[in-house]
> 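Pasting a structure here, questions to come.
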Amino acid sequence: MEELAEKAGITVRTLRFYRERGLIPPPRREGRIAWYDEQHLARLRTIAALLERGHTLNGIADLATAFESGRDVGEVLGLGEPSEETPVRLTPEALADYFEGQVTPENLATALELGYLATDGEEIVHISRRLLDVSAALVREGVPLSVVLEAGRRVRSHAEELAELFVDVLTTHSADGQVDRLRPLAKSVVEAELSMAMDRRLRRTPPA
């Protein structure tokens with residue numbers, strides 16, 4: 001504990017306080033010896049960075065709980081299942097920078113629940129570079145992150161129905177039954193229909 005506190009630049013008393021508050025995971029024990037490792041040091045440095053950004057210890061404790069209750073990378077990504085999406089590894093500080101201070105415990109818990117975020121040790125993994133960039137762009141344009149996440153939840157249900165439709169059609173009627181080869185065609189249909197639907201909606205909506 002003394003060695004960890006020294007490396008983290010804090011007192012042993014502070015380290016004990018963090019441990020009692022559940023801000024860092026317990027050490028690995030061998031008999032009467034407690035072993036701390038690089039993950040503990042990384043967590044302490046993250047706590048220091050979040051405190052510098054104005055987060056309270058209560059808020060940091062909530063974030064730590066959300067991280068530890070979140071699914072890990074293997075569970076979220078499916079380990080070997082095909083995907084066109086590129087995962088992105090982030091530190092908690094980088095994630096906060098993406099969303100301009102809107103990474104609240106509530107938003108973090110929602111993102112973990114939706115499967116947008118996963119945990120891998122002290123790192124956070126976003127399952128899709130495209131979704132991460134689009135979400136951050138919407139936040140920069142003034143859309144609250146909580147609204148972006150709720151929209152994602154609603155889109156998810158429609159996307160599941162569309163995926164079921166196209167997989168059934170392509171599996172049944174394609175010459176070789178290779179759905180992956182025809183995925184771009186299905187995506188083009190959805191993009192075109194969405195574009196036309198937005199045109200119709202905008203024509204019916206009076207200007208603000």
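The analysis underlying the following values was restricted to heavy atoms, covering all of them including side chains, and did not include hydrogens, waters or symmetry mates.
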> Do K7 and E2 sit within salt-bridge range, that is, some charged N less than 4.0 Å from a carboxylate O?
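Judged by the 4.0 Å cut-off on N to carboxylate O distance, K7 and E2 do not form a salt bridge.
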
> Applying salt bridge (Lys or Arg N to Asp or Glu O under 4.0 Å) to E161 and R156, what does each step give before you reach the verdict?
CA-CA 9 Å; E161 293 178 5; R156 173 75 58 82; over 6 Å; no

> Please give me the minimum heavy-atom distance between A8 and L44, naming the atom from each residue.
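That closest heavy-atom pairing would be CB-CD1, 3.7 Å.
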
> Can you get from L185 to F166 by hopping between Ile, Leu, Val, Met, Phe, Trp and Tyr side chains that sit under 4.5 Å apart?
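No.
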
> Considering all heavy atoms of both residues, which atom of H158 and which atom of R154 are nearest to each other, and what is their separation?
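The answer is CD2-O, 3.2 Å.
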
> Applying a strict under-4.5 Å side-chain criterion to I, L, V, M, F, W and Y, I'd like to know whether I47 and M1 cluster together.
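As far as the 4.5 Å side-chain criterion goes, M1 and I47 are connected within one cluster.
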
> For the CD atom of E84 and the CG atom of D180, what is their distance to the nearest 0.5 Å?
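Answer for the CD-CG pair, E84 versus D180, is 7.5 Å.
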
> If you count every heavy atom of other residues, nucleotides or ligands that lies below 6.0 Å from E150 atom CD, does the total exceed 12?
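For E150, atom CD is crowded (more than 12 foreign heavy atoms under 6.0 Å).
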
> Would you please test H126 and L131 for side chain to side chain contact (heavy atoms under 4.5 Å, CB included) and show each step?
CA-CA 9 Å; H126 196 292; L131 279 177; 3.8 Å; yes

> Check A186 against L170 and note the closest heavy-atom contact, atom names and distance.
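Looking at all heavy atoms of both residues, the shortest contact is CB-CD1, 4.5 Å.
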
> Hydrophobic clustering (ILVMFWY, side-chain heavy atoms < 4.5 Å, transitive) - are L165 and V190 grouped together?
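As far as the 4.5 Å side-chain criterion goes, L165 and V190 are not connected within one cluster.
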
> Among V167, L162, D168, which one satisfies side chain to side chain contact (heavy atoms under 4.5 Å, CB included) with E164?
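The passing option is D168.
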
> Is a side-chain N or O of S188 found less than 3.5 angstrom from the main chain of P184, in a donor-acceptor match?
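The answer is yes, because a donor-acceptor pair under 3.5 Å joins these two groups.
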
> Can you confirm whether Y116 sits close enough to L149 that some side-chain heavy atom of one is under 4.5 Å from a side-chain heavy atom of the other?
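Yes - at least one pair of side-chain heavy atoms lies under 4.5 Å apart.
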
> To the nearest 0.5 Å, what is the distance between CG on L90 and CG on L132?
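Answer rounded to 0.5 Å: 6.0 Å.
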
> Between the main-chain N or O of P25 and the side-chain N or O of H40, is there a donor-acceptor pair closer than 3.5 Å?
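The answer is yes, because a donor-acceptor pair under 3.5 Å joins these two groups.
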
> Determine the minimum heavy-atom distance between V148 and L138, stating which atoms define it.
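So the minimum-distance heavy-atom pair works out to CG2-CB, 3.9 Å.
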
> Is there a donor-acceptor contact under 3.5 Å from the side chain of N107 to the main chain of Q102?
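Checking the backbone N and O of Q102 against the side chain of N107, a donor-acceptor pair under 3.5 Å is found.
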
> Can you get from L4 to F17 by hopping between Ile, Leu, Val, Met, Phe, Trp and Tyr side chains that sit under 4.5 Å apart?
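They do share one cluster, since a chain of ILVMFWY contacts under 4.5 Å joins L4 to F17.
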
> What I want to find out is whether R130 reaches E85 closely enough, with some N-O distance under 4.0 Å, to be called a salt bridge.
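A salt bridge links R130 with E85.
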
> May I ask you to decide whether D199 forms a salt bridge with R203, counting only side-chain N to carboxylate O separations under 4.0 Å?
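Looking at R203 together with D199, the answer is no, because their closest N to O distance does not fall below 4.0 Å.
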
